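Okay, structure first, notes after.
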Amino acid sequence: MTTPLSIRPPWPRGARLLLTAGAALALAACGGGSHHFSFDTASRDLANQQVAADQIGLPTKGAAVTSVETPTAASGPQPPASIRANISIAPVDAAAPPIKMGLLLPKEWNGKVVMLGGGGYNGTIPSLYTYSAAPASQGPYPLLDQGYAVFASDSGHQAGAAGSRDGSFGTNDEAVANFSGAALKKVSDVADVLVTRFYGRKPGKRYFIGGSTGGREALAVAQKWPADWDGVVSWYPAWNAASLDLQFGRLSRAFAQPDAYPSLAQRKLLRQAAMARCDALDGIADGVVSNVAACNAQFDPATAQFEGKPLRCPSGGNENDGCLSDAMIAALHAYNTPITFGSPLGSGETQYPGFNVWGAELGETGTSPLQPTVTLLAMNTTAPASPAPLTAPYWAVFWDQWVRYFVTRDANFDSLSLDPQNPGPWAGRIQELTRLQDINSTDLSAFQKRGGKLLMAHGTADVLVSTRATAQYYERLVQTMGADTVKSFARYYEVPGYGHAASTAFNANWDSLKALDQWVSIGTAPAGQVVTDTAGVPGRTRPLCEYPGWPRYGGTGDANKAESFSCVAP
């Protein structure tokens, strides 16, 4: 909860507190020169701030602080002393929506800033108090507690009732460009100006953290604006977003077929059968599939059995919740396999890989408080349709919105009629969107040469953004820059059992920001990193294995402790 800050006339700009020589030297050493920082004075001045268009690296009509607030909590621990600015960045196109952003400024600043990425189609400003991409349990205000100034935006449009699945802004070119990446530069530049004015010195380190769309945004800032960033954390990145949309279309069409959409009970049955076959392939049955490659090679729902009964319905039809129809098995096979394009897309992509479906959470009944989120971000509760209801799979709603607003710009268009592999008259528009939305380069040389560091991580049980796609990005990074160079500035980890943003099996918890800051600030590269489960078996730990490694149980020791596992290659 926040309360408005009462605005009083600013103190005279010429007023200064006399400093001792030692204090002046200390301020100069941290970049403040002779400037004396007064949090109260800076807070009062903040409400009147504007940022001119020529201070922003991409075209806008300037930015202005629209309101300021003092963060407070209605109950529980109160946040550290801070001030929040709400800011609007004016578009060039009068018909385009503004970019709304928030900037959180602590009284006790550590000299560093963190930009947080969004999710889905964005449309709302993320919480500025924590970083949602697998954060460490550090209380309700981990960023403020550490003294970071924090900022984030809605990426240039304001979502309606569909929230992060609302793609209706796609009818405006500037809004699409902002969502695709332009807003990142605009917001970053505005924040830099305001932070520098507020504290009287520029940030010493600038970090970006995001997951999903935010993970794509993290990779985008490192590639497009490397001079602006010292380090980025990219969780489960939708880096080739438009290519992923086309895979979403393939899945939507597959699961929209008669008898193809499995019930909650049938999804649970599928997961139980896969776990029975795959769980122990990592040396221990612990509710997590760690040897994912072996599972993908060995499990097939068409021939699998569970508790002595075939998973496939004997007739091939959708007989009951105790088996899977042939149509379901065919659609699940599509989920597990890549979509291939007849010719390269505008971004150069020729495919988008399948997902690690076997043993993953597709949404089912369950008592975990995380279950509704897990189900929402997977297959939800009703089959794909056009227009897609919000009860349809997350990816089906995403496809439906993309086709109707980004591609055809016809709200009445039947999204299921568009074949993503043979789009016919829409091929040119899709080429254009893939050039705009996909990251089409894995050359991070400029970022690496200036000392930038990159941490990437992805749960192997993600069924919304494919872990295999992230592995492809990393492999291309190595191919482009060389293994030794990549090792000098980047790490990629895969987390078995972790889904997209949340999981009831293994809900990953890792202080990626701490690992990043230590690498950037003092040169300590990540080593022996450990990830903690907060849901499946709360408190259990696993080693965070560098790709392509995975954690194998050694045969002895506490199965809930990371030291009982070792990272092995496939």
Side-chain angles (χ1 to χ4, degrees), residues 1-2 63 66-67 69 71 73 79 82-89 97-106 112-136 138-146 148-167 169 175 178-188 190-191 194-195 206-221 229 232-238 241 373 376-377 394 398 457 464-465 500-502 508-509 511-513 516:
M1 178 180 292
T2 57
T66 57
S67 65
E69 303 169 343
S82 56
I83 191 79
R84 173 179 172 137
N86 298 307
I87 302 150
S88 182
I89 304 176
I99 301 170
K100 301 290 189 179
M101 62 176 285
L103 172 62
L104 191 60
L105 300 160
K112 305 169 187 177
V113 298
V114 173
M115 182 174 180
L116 301 176
Y121 282 127
N122 294 333
T124 58
I125 300 173
S127 169
L128 302 181
Y129 296 119
T130 187
Y131 40 108
S132 58
Q138 299 174 329
Y141 312 110
L143 294 167
L144 275 181
D145 286 342
Q146 296 177 75
Y148 284 100
V150 188
F151 59 96
S153 83
D154 61 11
S155 85
H157 62 276
Q158 294 72 54
S164 65
R165 291 167 287 174
D166 183 355
F169 68 95
N178 279 333
F179 167 72
S180 300
L184 300 171
K185 177 61 174 172
K186 298 173 184 180
V187 169
S188 172
V190 169
L194 294 176
V195 168
R206 305 181 85 253
Y207 300 140
F208 192 108
I209 300 177
S212 195
T213 291
R216 169 182 64 81
E217 293 168 343
L219 297 175
V221 299
W229 301 95
V232 303
V233 179
S234 175
W235 273 95
Y236 36 92
T373 299
L376 169 69
L377 294 173
Y394 194 100
F398 225 72
L464 185 56
V465 174
H500 193 86
N509 188 289
D511 195 345
S512 56
L513 178 57
L516 180 70

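Keep in mind the model is a prediction, meaning the values are calculated, not measured.
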Problem - L184 side, atom CG; F208 side, atom CZ - distance, nearest 0.5 Å - result: 5.5 Å

Handout entry: Nearest heavy atoms of H500 and L464, plus distance in Å
Key = CD2-CD2, 3.6 Å

Practice task
Rounded to the nearest 0.5 Å, what's the gap from CG on L105 to CG on L194? Could you check?
Solution key: 8.0 Å

Problem - Side-chain donor/acceptor of E217 to backbone N/O of G118, under 3.5 Å - result: yes

Exercise for the section: Working to the nearest 0.5 Å, report the span between OH of Y131 and CG of L116. Expected result: 10.0 Å

Practice task
Starting from the C-alpha separation in whole Å, work towards a yes-or-no answer on side-chain contact (heavy atoms from CB on, under 4.5 Å) for D154 and I99.
Solution key: CA-CA 6 Å; D154 61 11; I99 301 170; 4.1 Å; yes

Fill in the blank from the handout: CZ (F398) and CG (D166) are apart, to the nearest 0.5 Å, by 10.5 Å

Practice task
Using the side-chain contact (heavy atoms from CB on, under 4.5 Å) rule, take L103 and V190 through it: C-alpha gap first, then chi angles, then the decisive distance, then the call.
Solution key: CA-CA 10 Å; L103 172 62; V190 169; over 6 Å; no

Problem - Pair N86-T66, side-chain donor/acceptor within less than 3.5 Å - result: no

Exercise for the section: Please answer whether the main-chain N or O of G215 pairs with a side-chain N or O of S234 as donor and acceptor at a distance below 3.5 Å. Expected result: yes

Exercise for the section: Work out which heavy atom in G156 is nearest to a heavy atom in A175; give both atom names and the distance. Expected result: O-CB, 4.3 Å

Handout entry: Exercise: identify the closest heavy-atom pair between I87 and A63
Key = CG2-CB, 4.2 Å

Problem - Side-chain touch Q158/P98, heavy atoms, less than 4.5 angstrom - result: yes

Exercise for the section: Walk me through it: do Y141 and S82 pass the test side-chain contact (heavy atoms from CB on, under 4.5 Å)? Expected result: CA-CA 11 Å; Y141 312 110; S82 56; over 6 Å; no

Fill in the blank from the handout: Between R165 and L376 the two heavy atoms that sit nearest each other are NH1-CD1, 3.6 Å

Handout entry: Distance-minimising heavy-atom pair for V465 and P237
Key = CG1-O, 3.4 Å

Handout entry: Backbone of S155 reached by a side-chain donor or acceptor of S153 within 3.5 Å
Key = yes

Handout entry: Rounded distance [0.5 Å steps], CZ in F169 versus CG in N122
Key = 7.5 Å

Practice task
Answer yes or no: is there a donor N or O on one side and an acceptor on the other, between the side chain of R84 and the main chain of L128, under 3.5 Å?
Solution key: no

Problem - Non-hydrogen side-chain atoms of Y121 and T213 separated by less than 4.5 Å - result: no

Exercise for the section: Say whether, by atom type as modelled, one donor and one acceptor occur between the side chain of R216 and the main chain of G210 under 3.5 angstrom. Expected result: no

Handout entry: Side chain to side chain, L104 and Y129, heavy atoms closer than 4.5 Å
Key = yes

Problem - S188 to F151 - nearest heavy-atom pair and separation - result: CA-CE1, 3.9 Å

Problem - Atom pair NE2/CZ of H157 and F179 - distance to nearest 0.5 Å - result: 6.5 Å

